[in-house]
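Remarks on the structure that follows.
Order of appearance sets the numbers: ligands from 1, and atoms from 1 within every ligand. Note: hydrogens, waters and symmetry copies are ignored here, and every other heavy atom, side chains too, is used.
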Amino acid sequence: MNQDKIKEGVRLILEGIGEDINREGLLETPDRIARMYEELAAGYSDDAAAHLKKRFHVDNNDMVMEKDIHFYSFCEHHMLPFYGNAAIAYIPNGEVVGLSKIARTVEVFAKRFQLQERLTAQIADAFMEELKPKGVMVLIQAEHMCMTMRGIKKPGTRTVSVVTRGIFDNNESLQNSFYRMLDC
Ligand SMILES: [Zn+2]
């Protein structure tokens, strides 16, 4: 990550807005924001494959769901946060991953500038490519700050996106199982 470019960019935005970048409260802001992006955009230097590499053998290929995975991301159109939670379910094909690695995979893709639709698909695709389960289904519900603090200003609006891969595709009964587990 190029910290100098981020600092310069923040200075330019503040100047562009008409702020005095030399007043006390703003002096360290460019530096602070540059360091903040190291954390909030850490997904660019992270790799889902590395987290999904460690797998465990299982005899039963029953559905596994991890839900209420809270995440924060940025809308790439406005650079404002969107945040909410993700649920991921997969039908193993003889192997499962550690539960914490499921949440890790969400982080890898959330800590980038994103579209919610792409975030949902990238998580599903990472599972299909690395774990090679029989199928995966991902549901994300999020509130977008670009909808709530600007534009049409509709606080509380949630955007829901769903992606299915493998045997979840066009399989209504499996999808219904997913929604039942999501509700319980
Ligand atoms: Zn937006």
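Of the charged side-chain nitrogens involved, at least one lies within less than 4.0 Å of a carboxylate oxygen, so that Arg118 and Glu76 count as a salt-bridged pair. Taking 4.0 Å as the cut-off between side-chain N and carboxylate O, Arg35 and Glu39 do not count as a salt-bridged pair. Salt bridge status for Lys111 with Asp46: absent, with no side-chain N to carboxylate O gap under 4.0 Å.
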Given Thr164 and Asp169, is the side chain to side chain contact (heavy atoms under 4.5 Å, CB included) satisfied, shown in steps? CA-CA 5 Å; Thr164 60; Asp169 287 344; 2.6 Å; yes
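Between Phe178 and Phe168, the two ring planes are perpendicular [angle over 60°; tilted spans 30° to 60°].
Protein N/O/S atoms closer than 2.8 Å to the Zn ion (ligand 1): Cys75 SG, His78 ND1, Cys146 SG.
Looking only at side-chain heavy atoms (C-beta outward), Phe71 and Phe82 come within less than 4.5 Å of each other.
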